[in-house]
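Position 1 is the first residue of the sequence; numbering continues from there. All of these numbers come straight from a predicted model, not from anything done at the bench.
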Amino acid sequence: MNICVFLSAADLDERYTRPAREFAELLGKAGHTLVWGGSDVGLMKVVADGVQEAGGRLLGVSVEFLANKARPGADEMFVAADLAERKKLLLEKADAVVIMVGGTGTLDEATEILELKKHGRTEKPVVLLNTAGFYDGLREQFRRMEAEGFLPRPLAELVFFADEPAGALAYLEAAT
């Protein structure tokens with residue numbers, strides 16, 4: 001399975017890197033392919049290292065203005081002209097999506113895939129890996145959106161919240 005992971009390229013502490021590496025190792029050992037933003041820095045590097053060391057494949061989609069940070073030695077690397085094309089390529093090449101901790105770029109990617117699901121434009125499974133409670137506030141906001149009628153589909157049909165890496169991968173493997 002090609003699993004797209006949206007996540008930060010920032011250097012983060014152990015409470016975020018440990019679960020990310022654990023998920024990456026599970027993904028690699030299961031023979032899956034990581035589809036990611038292609039960067040060889042920060043949390044993106046941690047996940048790519050873990051997948052590759054565990055025997056998985058790497059399919060990166062960088063963007064022209066970040067191409068100097070692209071990971072050498074990926075199995076496949078594409079360079080998009082801009083961020084919109086990058087998101088499009090990431091989603092086209094993925095069978096499923098995992099959203100890990102990140103900033104505004106990760107949030108942009110997450111809301112795009114959820115908007116596509118909301119409108120029935122994709123049925124790819126989406127997992128939000130809520131490491132260290134990072135997305136507790138977002139989960140609460142989504143629940144409010146659902147309760148107040150802003151979501152035309154049940155929240156459970158749009159995204160699965162997982163607190164641990166093993167639960168995230170188990171959900172994806174069962175859903176595809």
Side-chain angles (χ1 to χ4, degrees), residues 1-63 66-80 83 85-103 105-110 112-114 116-117 122-132 134-135 159-176:
M1 177 176 14
N2 287 356
I3 300 174
C4 178
V5 177
F6 295 136
L7 72 165
S8 179
D11 290 317
L12 301 169
D13 67 41
E14 182 71 15
R15 71 187 154 148
Y16 299 121
T17 58
R18 181 201 51 75
R21 183 158 184 89
E22 181 184 330
F23 180 78
E25 290 170 356
L26 291 169
L27 192 153
K29 285 178 184 170
H32 299 301
T33 296
L34 171 68
V35 179
W36 93 117
S39 291
D40 200 33
V41 295
L43 197 60
M44 284 195 189
K45 178 178 176 21
V46 169
V47 171
D49 286 348
V51 168
Q52 199 166 47
E53 290 166 13
R57 294 186 72 251
L58 300 179
L59 190 160
V61 182
S62 188
V63 67
L66 295 174
N68 63 322
K69 295 182 179 181
R71 183 183 182 95
D75 296 289
E76 294 181 74
M77 182 65 68
F78 300 88
V79 179
L83 291 172
E85 182 185 9
R86 181 194 210 183
K87 283 189 294 186
K88 183 176 184 274
L89 287 169
L90 285 165
L91 294 175
E92 282 176 2
K93 296 181 180 308
D95 301 312
V97 175
V98 174
I99 303 157
M100 291 187 176
V101 296
T106 303
L107 194 55
D108 172 57
E109 293 161 338
E112 176 140 345
I113 185 68
L114 294 177
L116 290 169
K117 280 196 82 168
T122 184
E123 290 303 320
K124 293 176 185 184
V126 177
V127 173
L128 202 148
L129 185 51
N130 191 26
T131 300
F134 186 81
Y135 286 117
V159 62
F160 176 78
F161 286 85
D163 292 324
E164 294 297 327
L169 189 58
Y171 174 82
L172 293 180
E173 289 177 337
T176 55

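Counting only heavy atoms from C-beta outward, the side chains of D49 and R71 approach each other to under 4.5 Å. A 4.5 Å side-chain heavy-atom check between V51 and W36 finds every atom pair outside the cut-off. Using a 4.5 Å cut-off on side-chain heavy atoms (C-beta onward), E76 and T33 make no contact. Considering only heavy atoms from C-beta on, D108 stays 4.5 Å or farther from F6 through its side chain. With a 4.5 Å cut-off on side-chain heavy atoms, V98 and L172 count as touching. Between T106 and V101 there is no side-chain heavy-atom pair separated by less than 4.5 Å. Between M100 and V5, some side-chain heavy-atom pair lies under the 4.5 Å cut-off.
Going from atom OG of S62 over to atom CZ of R86 covers 5.5 Å, rounded to the nearest 0.5 Å. Separating the CD atom in E112 from the CG atom in L116 is a distance of 5.5 Å, to the nearest 0.5 Å. Between Y135 atom OH and L107 atom CG the span is 6.5 Å, to the nearest 0.5 Å. Put simply, CG on L7 and CG on L43 are 4.5 Å apart, with the number rounded to the nearest 0.5 Å. Here the straight-line distance linking atom CG of L12 with atom CZ of R18 works out to 13.5 Å at 0.5 Å rounding.
Contact record, A54 with E25: CB-O, 3.6 Å, taken as the closest heavy-atom pair. Residue A48 comes nearest to L34 through the heavy atom pair CA-CD2, 3.8 Å, listed as atom of the first residue, atom of the second, then distance. Closest approach of G167 to F160, counting heavy atoms only: O-CE2, 4.0 Å. Taking each heavy atom of A96 and K124 in turn, the nearest pair found is CA-CB, 4.5 Å. Shown here for F23 and A168, the closest heavy-atom pair between the two residues is CE1-CB, 4.0 Å. Contact detail for V126 and Y171: the closest heavy-atom pair is O-CE2, 4.3 Å.
The backbone N or O of D163 sits nowhere less than 3.5 Å from a side-chain atom of N130 that would complete a donor-acceptor pair. A distance-only check finds a donor-acceptor pair linking the side chain of D95 to the backbone of N2 [under 3.5 Å]. Panel note: side chain K93, backbone L59; no donor-acceptor pair is recorded below 3.5 Å. A distance-only check finds no donor-acceptor pair linking the side chain of E109 to the backbone of L90 [under 3.5 Å]. Between the side chain of H32 and the main chain of L27, no donor-acceptor pair closer than 3.5 Å is present.
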Evaluation steps, side chain to side chain contact (heavy atoms under 4.5 Å, CB included), between V159 and I113 = CA-CA 10 Å; V159 62; I113 185 68; over 6 Å; no
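Shown here is E164, whose CD atom has no more than 12 heavy atoms of other residues, nucleotides or ligands within 6.0 Å.
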